[in-house]
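Written out below as structure tokens is the structure these notes cover.
Nothing fancy with the numbering, it's 1 onward along the sequence.
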Amino acid sequence: MMTLRSPRAAITLVFASFGAAIGVWAGAIPHVTEASGIDNFQLGLGLTVLTLATVTLMSLGGAIGRRVSNRAVLLFAIPAFALSTSLLLVSNVPWLFFASLVLFGASIGLTDVFMNAEASAIEHDLRRPIFTAFHGSASAGLPVFAIASSFISTNMGTFATSLLVMAAFALAWLMVYFFVPPRKLTRGRESSVAILSSRGPLIIMGLTVGLSISCETAAVFWSAKLLNEQAPSLAAVAGLGTAFYGICNAGMRFYGDRLRSRFGEMNVMSVSIIFAMAGFAILGLSTSFVLSSVAFAFTGFGLSLLCPCLFNMAASQMPANRAAALGFISIIAGAPRIMAPWVFGWIAASQSTSFAFGFCTFALGTAFGLIMLLKNADLEVNTKAA
């Protein structure tokens with residue numbers, strides 16, 4: 001049973017705040033892009049810049065993790081995340097929009113690596129599968145704040161929306177400060193990034209993570225845009241796509257640890273990706289606001305457990321410096337993650353947003369093939385025995 005005065009509760013709140021920030025931004029995208037004078041192509045370029053900043057900071061995780069504790073990094077990253085989110089939401093000119101995206105992306109990357117590293121360590125300490133529940137907290141925060149962001153941004157402006165996420169981050173920072181102790185740092189060879197380069201399965205994990213997150217990014221950041229195009233009169237609830245995605249994503253992640261324990265990581269990922277492919281295929285063909293909203297639920301189910309399973313598997317390969325393993329797969333994941341937003345924006349501008357969503361089906365087909373390769377590597381975390 002989780003107590004409120006514990007590292008697990010503190011990191012759960014960090015994950016929830018992480019999801020809240022993404023949800024607030026996703027729900028406000030139509031308003032921010034309109035205020036800044038940003039079109040579809042520029043939005044795709046901006047999300048590419050955001051992803052580049054995210055991947056860059058994630059790739060530095062191993063080096064940082066050898067010198068600074070997870071706790072210390074989070075105490076710095078959380079305020080930076082709150083500030084960058086607020087600046088992005090109130091952007092009203094292109095230069096501020098792009099500058100804020102860089103800071104926002106860097107904050108995402110730094111927070112992502114070290115909250116996952118600490119979450120993996122907590123699961124190891126407790127000796128039972130709880131990792132996907134952390135990600136469930138992020139997914140739960142996403143839909144609530146996406147809907148709130150769409151409504152408040154439409155009726156009160158994006159500055160009012162920024163106050164929501166500032167409050168969430170303030171609470172998360174306090175929880176980390178009081179209840180997350182610093183972990184002992186390991187500086188020997190077992191914590192060095194250099195020993196990871198020869199680990200082929202981590203390369204496969206990284207490529208799979210890159211494709212999966214690229215599709216997640218599309219579902220979260222472009223859902224409001226798609227639904228707004230299909231039903232402009234429903235702009236105030238354009239965040240429904242992100243909401244349906246997030247609700248289903250969260251539900252599966254809270255249940256995911258039971259599935260991991262019963263069926264194993266590989267089987268869970270294999271079935272999940274089929275649901276995701278079905279959802280994106282529907283989005284590519286649908287012209288209906290209602291059907292597209294339901295399709296986002298399918299993508300939420302399907303993508304929910306892929307990254308948590310892969311992150312935990314990767315972190316478990318290097319217990320002395322979990323951030324290093326996560327940083328390594330982030331470097332490998334960088335290429336598809338950086339290119340995907342630009343490609344998606346280009347396809348959306350030249351064809352249509354729905355056509356771009358349909359293209360994600362092929363990306364996930366490639367990810368499915370990579371998971372089959374990983375299955376043969378026999379690196380599955382033994383959650384059944386936990």
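At least one side-chain heavy atom of Leu305 sits under 4.5 Å from a side-chain heavy atom of Leu259. Taking 4.5 Å as the limit, every side-chain heavy atom of Val180 sits out of range of all side-chain heavy atoms of Met175. The closest side-chain heavy-atom distance from Leu57 to Val113 is not below 4.5 Å. Inter-residue side-chain proximity for Val93 and Leu96 is flagged as met; some heavy-atom pair is nearer than 4.5 Å. Between Phe131 and Phe311 the shortest side-chain heavy-atom distance falls below 4.5 Å. Two residues are said to be in side-chain contact when any heavy atoms from C-beta on lie closer than 4.5 Å; Ser139 and Ser304 fail this criterion. Looking at heavy atoms from C-beta onward, Ile273 lies in side-chain contact with Leu306 at the 4.5 angstrom threshold. Considering only heavy atoms from C-beta on, Ile213 comes within 4.5 Å of Cys307 through its side chain.
The same ILVMFWY cluster, assembled from side-chain heavy atoms under 4.5 Å apart, contains both Met115 and Phe76. Linking Ile, Leu, Val, Met, Phe, Trp and Tyr residues whenever their side-chain heavy atoms come within less than 4.5 Å leaves Leu164 and Met166 in two separate clusters. In the hydrophobic cluster analysis, where Ile, Leu, Val, Met, Phe, Trp and Tyr join through side-chain heavy atoms closer than 4.5 angstrom, Leu83 is grouped apart from Leu88. Met252 and Phe298 fall into different hydrophobic clusters, where Ile, Leu, Val, Met, Phe, Trp and Tyr are joined by side-chain heavy atoms under 4.5 Å apart, directly or via other members. Cluster membership for Ile29 and Phe151, using ILVMFWY side-chain heavy atoms within less than 4.5 angstrom, is shared.
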Residues Cys215, Leu303; criterion side chain to side chain contact (heavy atoms under 4.5 Å, CB included); working and verdict: CA-CA 8 Å; Cys215 293; Leu303 293 174; 4.2 Å; yes
Please determine whether side chain to side chain contact (heavy atoms under 4.5 Å, CB included) holds for the pair Gln42 and Phe97, giving the CA-CA distance in whole Å, both sets of side-chain angles, and the decisive distance to 0.1 Å. CA-CA 10 Å; Gln42 291 171 318; Phe97 176 82; over 6 Å; no
Candidate pair Phe159 and Leu89, rule side chain to side chain contact (heavy atoms under 4.5 Å, CB included), full reasoning: CA-CA 7 Å; Phe159 175 76; Leu89 289 172; over 6 Å; no
Residue pair Thr132, Arg253: steps toward the side chain to side chain donor-acceptor pair (under 3.5 Å) verdict: CA-CA 5 Å; Thr132 66; Arg253 284 177 169 177; over 6 Å; no
Determine whether Met269 and Leu310 satisfy the following criterion, side chain to side chain contact (heavy atoms under 4.5 Å, CB included), listing intermediate values before the conclusion. CA-CA 9 Å; Met269 289 191 294; Leu310 290 164; 3.7 Å; yes
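With no hydrogens or angles considered, no side-chain donor-acceptor pair links Ser69 and Arg183 at under 3.5 Å. Side-chain contact of Ser59 with Ser330: a donor-acceptor pair under 3.5 Å is absent, judged by distance alone. For the residue pair Ser354 / Ser352, a side-chain donor-acceptor distance below 3.5 Å is found, with atom types taken as modelled. A donor atom on one side chain and an acceptor atom on the other are not found under 3.5 Å apart for Ser36 and Asn92.
Side-chain N or O atoms of Ser286 include none that pairs as donor or acceptor with a backbone N or O of Leu283 at under 3.5 Å. Side-chain N or O atoms of Ser149 include one that pairs as donor or acceptor with a backbone N or O of Val24 at under 3.5 Å. Within the 3.5 Å criterion, the main-chain N or O of Ala168 finds a donor-acceptor partner in the side chain of Ser17. Checking side-chain atoms of Asn312 against main-chain N and O of Pro308 turns up no donor-acceptor pair under 3.5 Å. Using a distance-only test at 3.5 Å, with no hydrogens or angles considered, no donor-acceptor pair links the side chain of Thr111 to the main chain of Ile108. Between the side chain of Ser153 and the main chain of Ala28, no donor-acceptor pair closer than 3.5 Å is present. Remark: the backbone N or O of Ala133 is paired with a side-chain donor or acceptor of Asp257 at under 3.5 angstrom.
Aromatic rings from Phe18 and Phe81 are positioned such that their centres are separated by under 6.0 Å. The ring of Phe169 has its center no closer than 6.0 angstrom to the ring center of Trp173.
Atom CZ of Phe179 has more than 12 neighbouring heavy atoms from other residues, nucleotides or ligands inside a 6.0 Å radius. Within a 6.0 Å sphere centred on CZ of Phe254, heavy atoms belonging to other residues, nucleotides or ligands number more than 12.
Using a 30° and 60° split on the angle between ring planes, Phe296 and Phe357 fall in the perpendicular class, above 60°. Aromatic ring orientation, Phe104 versus Trp25: perpendicular (interplanar angle above 60°, classes split at 30° and 60°).
Closest heavy-atom contact between Ala20 and Val165: C-CG2, 4.2 Å. The heavy-atom pair separating Pro129 from Arg260 by the smallest distance is CB-NH1, 3.7 Å. Residues Ala117 and Arg322 share a closest heavy-atom pair of O-CD, 3.7 Å. When all heavy atoms of Thr12 and Ser137 are compared, the closest pair comes out as CG2-OG, 3.0 Å. When all heavy atoms of Glu123 and Ile130 are compared, the pair lying nearest together is OE1-N, 2.8 Å. Met277 and Gly365 make their closest contact through CE-CA, 3.9 Å (heavy atoms, listed as atom of the first residue, atom of the second, distance).
Interatomic distance, CG of Leu126 versus OG of Ser6, reported as 8.5 Å (0.5 Å rounding). Rounding to the nearest 0.5 angstrom, the gap separating the CG atom in Leu103 from the CG atom in Leu87 is 7.0 Å. Atoms CZ and CG, from Arg262 and Asn267 in turn, are 12.0 Å apart once rounded to the nearest 0.5 Å. Rounded to the nearest 0.5 Å, atoms OG (Ser212) and CZ (Phe368) are 14.0 Å apart. To the nearest 0.5 Å, atoms CG (Leu285) and OG1 (Thr361) are separated by 8.0 Å. For the atom pair CD1 of Ile332 and OG1 of Thr208, the computed distance is 11.5 Å after rounding to the nearest 0.5 Å.
Geometric assessment of Arg258 against the ring of Phe263 yields a negative cation-pi assignment under the 6.0 Å and 45° thresholds.
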